[in-house]
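Worksheet: one structure, shown below.
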Amino acid sequence: MALYTDTFGIDPATGHAERALALGYAPAPRRQALAAVFALDATVAKLTRHTRDPMVAQMRLTWWHEALSTLGTRDVPGQPILAALSREVAAGRVTPAGLAAVVEGWEALLDDEPLMHARQRGAALFAAAAGVLQADDPVAAAGEGWAFADLALHTPDATVAAAARAEAVRALASPQCWSQPGRPLGALALIARNDLAGIRAGAPKRVLALLRMRLTGR
């Protein structure tokens, strides 16, 4: 799929470092599970974006959807991401259907529904992440805003970018106070808001905002 550029999901200058910093706000016992949730998203993203034949891409997404949907009903999978998520299902922190919804978000992209893709992807991904973090924060708007921003900033399609930007600004317009467990997601939403605002990578304002999020949840 050509909707995303090769810098999908990251700012070329700071994306890796800032995302790692945000995810590092999670308590140490939860970091591996949180990493597995985002690794799931990255894996199905790669399958969707780098498979030229849409039918082949759909077959691969279907495999992941079925594998996630049956977590907890079979032996622990050998695939590392599935194995980590299987433990979270067994602990009752996430559901198979909730994890499969991340794949459904990417399936919407195959159906040429980019805005639906971003909305479903973001909401499902942040819901799964909140589950493994045991965070009670409302996360749908933040997740949608994060995914819309990701789409807006990394698609070469100007029409899609404009529509996604408008949706991202709307979803992220009202910053919330995040609980301690939910602050990794609050930090991701903050990064997306800073990217949309064009705040320079490494600017003191950007760095201080992330530090404030970690300390206060705002």
So, Arg121 and Glu104, do they make that salt bridge, N to O below 4.0 Å? no
Minimum heavy-atom distance Ala22-Ala187, with the two atoms named: CB-CB, 3.6 Å
Quick one: are Gln180 and Arg214 in side-chain contact, heavy atoms under 4.5 Å? no
Pair Arg119 + Glu113, salt bridge at N-O below 4.0 Å: no
Quick check for you: to the nearest 0.5 Å, what is the distance between Leu210 atom CG and Lys205 atom NZ? 12.5 Å
Common cluster, Leu21/Leu185, ILVMFWY with side-chain heavy-atom separation under 4.5 Å: yes
Minimum heavy-atom separation for His154 to Asp150, with atom names? ND1-O, 2.9 Å
Heavy atoms, side chains only, cut-off 4.5 Å: are Arg193 and Leu190 in contact? yes
Quick check: do Arg206 and Ile191 have side-chain heavy atoms less than 4.5 Å from each other? yes
Which pairs would a plain distance check flag for residues 124-145, meaning a side-chain donor or acceptor within less than 3.5 Å of a matching protein atom at least two apart in sequence or in another chain?
unit_1, atom_1, unit_2, atom_2, d
Asp137, OD1, Ser179, OG, 2.6
Asp137, OD2, Ser179, N, 2.8
Asp137, OD2, Ser179, OG, 3.4

Walk me through whether Glu88 and Arg30 qualify under side chain to side chain contact (heavy atoms under 4.5 Å, CB included). CA-CA 10 Å; Glu88 297 304 301; Arg30 299 281 83 226; 2.8 Å; yes
If you apply the rule side chain to side chain contact (heavy atoms under 4.5 Å, CB included), what do you find for His117 with Gln120, and how did you get there? CA-CA 5 Å; His117 145 70; Gln120 292 183 344; over 6 Å; no
Quick check against the 3.5 Å criterion: does Gln176 have a side-chain atom that pairs as donor or acceptor with the backbone of Trp178? no
With a 4.5 Å limit on heavy-atom distance, are the side chains of Pro114 and Leu151 in contact? yes
Provide the closest heavy-atom pair for Leu110 versus Pro54 in the form atom of the first, atom of the second, distance. CD1-O, 4.3 Å
Student check: side-chain heavy atoms of Glu107 and Trp64 closer than 4.5 Å: no
So Phe38 and Leu188, do their side chains get closer than 4.5 Å, heavy atoms only? yes
Please set out all donor-acceptor pairs under 3.5 angstrom arising from side-chain atoms of residues 66-74, sequence neighbours excluded.
unit_1, atom_1, unit_2, atom_2, d
Ser69, OG, His65, O, 2.7
Ser69, OG, His65, ND1, 3.4
Thr70, OG1, Glu66, O, 2.9
Thr70, OG1, Ala67, O, 3.3
Thr73, OG1, Thr70, O, 2.6

If you look at every heavy atom in Leu85 and Ala36, which pair is closest and at what distance? CD2-CB, 4.0 Å
For the student: nearest non-hydrogen atoms of Ala57 and Thr51, plus distance: N-CG2, 3.5 Å
With hydrophobic residues grouped by side-chain heavy-atom distances under 4.5 Å, do Val160 and Phe148 end up in a single group? yes
When rounded to the nearest 0.5 Å, the distance separating OG1 of Thr216 from CE of Met213 is 7.0 Å
If you look at every heavy atom in Leu40 and Leu99, which pair is closest and at what distance? CD2-O, 4.0 Å
Joint cluster assignment, Trp63 & Val102, ILVMFWY side-chain distance < 4.5 Å: yes
Output for pair (Ile199 CD1, Leu196 CG), nearest 0.5 Å, gives 10.0 Å
If only atom types and distance count, is the side chain of Arg31 paired as donor or acceptor with the main-chain N or O of Ala26 below 3.5 Å? yes
Applying side chain to side chain contact (heavy atoms under 4.5 Å, CB included) to Arg183 and Arg218, what does each step give before you reach the verdict? CA-CA 9 Å; Arg183 288 177 193 177; Arg218 293 183 180 272; over 6 Å; no
So does Gln79 have more than 12 non-hydrogen atoms from other groups sitting under 6.0 Å from CD? yes
Nearest 0.5 Å please: distance from the OG1 atom of Thr48 over to the CG atom of Leu61. 4.0 Å
Using a 4.5 Å cut-off on heavy atoms from C-beta on, say whether the side chain of Trp106 contacts that of Leu47. no
Would Arg19 and Leu23 count as a side chain to side chain contact (heavy atoms under 4.5 Å, CB included) here? Give the steps. CA-CA 6 Å; Arg19 178 176 290 193; Leu23 299 183; 4.0 Å; yes
